[in-house]
Amino acid sequence: MRAIIKKELYSYFCSPLAYVIMAIFLFFSGIFFTMICLSNSSSQLTYVFSNMFLVTTFLTPMLCMRLMSDEKRLKTDQALLTSPVSILGIVLGKFFAACLLFLICMVIFLIFGFVLSFFASPGWPVILCNCFGLFLLAATFISIDIFLSSLTESQVIAAVCGFAAGLFIYLLDNVANAVSVSFVNKALSAVSFMSHYQNFTVGLLSLSDIVFFLSIIALFIFLTVRVVEKKRWS
């Protein structure tokens, strides 16, 4: 699995993709930090992290669109499937590589906290809780996008499906509010990513929110393994 992680990270940084993703992440996080914190003389990063939800939904499909689909397109998936690494190891290797790249992007928030420390107490426990929540959110989207990438040979289709899934998840609260049927409204609210993520943005570390995101990650990792396994035996 370590070899898969190294290979994927090498592929990211040997192409413009990693630098484009990092530039977009830093650009929007910098804008939010300037508008919300510096312009208003506020040390609260809560609204910065809240706004990063939508940015994350559009960045993770770019991050994952080639992970599985490119292997099919280039016919290198056969070499992977016959390697001594298990299918779970292959999928987890690609998943962790994407998560590591996103984690590198998130270092900027530590710099923001350091900048705020010159003017006021930034509240490091809340910042770290926000970072943990954003990372969990991104990891969840990554697991979904890797699954979508495993279904097609086209990077474009994988990216478009990822954007559509992310946008639907982002709008899920609005969909829930528009539904008048009580039990459907409650069901949609229970699986709302935004409601679970918002607890992290206010510094609330809840076990139920952590379990929610980890369960979604485990589900889509399992589904991806099943898709790849089906390809192996076909």
Side-chain angles (χ1 to χ4, degrees), residues 1-26 28-29 52 55-110 131-163 165-166 210 213-229 231-232:
M1 188 170 68
R2 187 180 300 176
I4 302 292
I5 296 174
K6 288 182 179 178
K7 170 184 171 293
E8 294 302 332
L9 285 176
Y10 179 80
S11 298
Y12 277 131
F13 287 99
C14 283
S15 70
L17 182 61
Y19 305 101
V20 169
I21 289 172
M22 292 171 69
I24 294 173
F25 188 95
L26 297 180
F28 281 104
S29 60
M52 289 305 295
V55 176
T56 302
T57 63
F58 283 96
L59 275 186
T60 51
M62 295 171 59
L63 196 61
C64 303
M65 62 183 182
R66 50 162 289 279
L67 285 179
M68 303 300 294
S69 59
D70 225 28
E71 300 286 0
K72 289 185 177 182
R73 184 177 64 84
L74 298 174
K75 307 302 180 185
T76 55
D77 55 335
Q78 296 300 324
L80 270 179
L81 294 176
T82 55
S83 67
V85 184
S86 66
I87 295 177
L88 178 60
I90 293 170
V91 174
L92 286 178
K94 292 177 177 291
F95 171 76
F96 287 135
C99 288
L100 280 173
L101 181 54
F102 193 88
L103 195 60
I104 292 171
C105 295
M106 287 182 60
V107 171
I108 189 65
F109 291 114
L110 300 181
C131 288
F132 180 62
L134 182 60
F135 179 73
L136 266 183
L137 176 72
T140 306
F141 278 122
I142 287 170
S143 68
I144 295 171
D145 293 329
I146 288 179
F147 168 70
L148 295 173
S149 179
S150 71
L151 299 175
T152 177
E153 294 183 4
S154 170
Q155 293 186 37
V156 175
I157 294 175
V160 170
C161 290
F163 292 142
I210 296 173
F213 285 118
L214 290 180
S215 299
I216 301 294
I217 292 170
L219 172 64
F220 280 95
I221 291 292
F222 170 77
L223 292 176
T224 306
V225 169
R226 296 299 298 171
V227 169
V228 177
E229 196 171 51
K231 171 70 177 177
R232 181 180 196 175

task = Show the numbers, then the answer: is there a side chain to side chain contact (heavy atoms under 4.5 Å, CB included) between Met22 and Leu101?
result = CA-CA 8 Å; Met22 292 171 69; Leu101 181 54; 4.2 Å; yes
task = List the atom of Leu9, the atom of Ala97, and the distance in Å for their closest heavy-atom pair.
result = CD2-O, 3.6 Å
message = For the CG atom of Leu137 and the CZ atom of Phe132, what is their distance to the nearest 0.5 Å?
response = 12.0 Å
Shortest non-hydrogen contact from Ser143 toward Ile217 = OG-CA, 3.6 Å
query = To the nearest 0.5 Å, how far apart are CZ in Phe135 and CZ in Phe109?
reply = 13.5 Å
From CD (Glu8) to CZ (Arg66), nearest 0.5 Å = 5.0 Å
inquiry  = As an exercise, state the distance from CG of Leu59 to CE of Met52, rounded to the nearest 0.5 Å.
reply    = 7.0 Å
remark   = One should read off an interatomic distance between Thr140 OG1 and Phe220 CZ, to the nearest 0.5 angstrom, of 10.0 Å
ask   = At their closest point, which heavy atom of Gly162 faces which heavy atom of Asp145, and how far apart are they?
value = CA-OD1, 3.4 Å
message = Which residue in the set Val228, Leu92, Val227, Thr224 passes side-chain contact (heavy atoms from CB on, under 4.5 Å) when paired with Ile87?
response = Val228
ask   = Tell me, which pairs form a side-chain hydrogen bond (donor to acceptor under 3.5 Å, both in side chains) where one or both residues lie in residues 11-24, sequence neighbours left out?
value = none
query = Under 6.0 Å from the CZ atom of Phe28, do we count more than 12 heavy atoms belonging to anything else shown?
reply = no
remark   = Taken to the nearest 0.5 Å, the spacing of Ile221 CD1 from Arg226 CZ works out to 14.5 Å
message = I'd like to know if the side chain of Ser149 and the backbone of Ile146 have a donor-acceptor N/O pair within less than 3.5 Å.
response = no
ask   = If you take all heavy atoms of Ser29 and Ile108, which pair is closest and at what distance?
value = OG-CG2, 3.9 Å
Non-hydrogen atoms of Leu67 and Ala98 that approach each other most closely = CD1-CB, 4.1 Å
ask   = Looking only at heavy atoms, which two atoms of Phe102 and Ala138 are closest? And how far apart?
value = CE2-CB, 3.3 Å
Ile4 vs Phe96 side-chain heavy atoms within contact, under 4.5 Å = no
ask   = Taking atom CZ of Phe13 as the centre, does the number of heavy atoms from other residues, nucleotides or ligands within less than 6.0 Å exceed 12?
value = yes
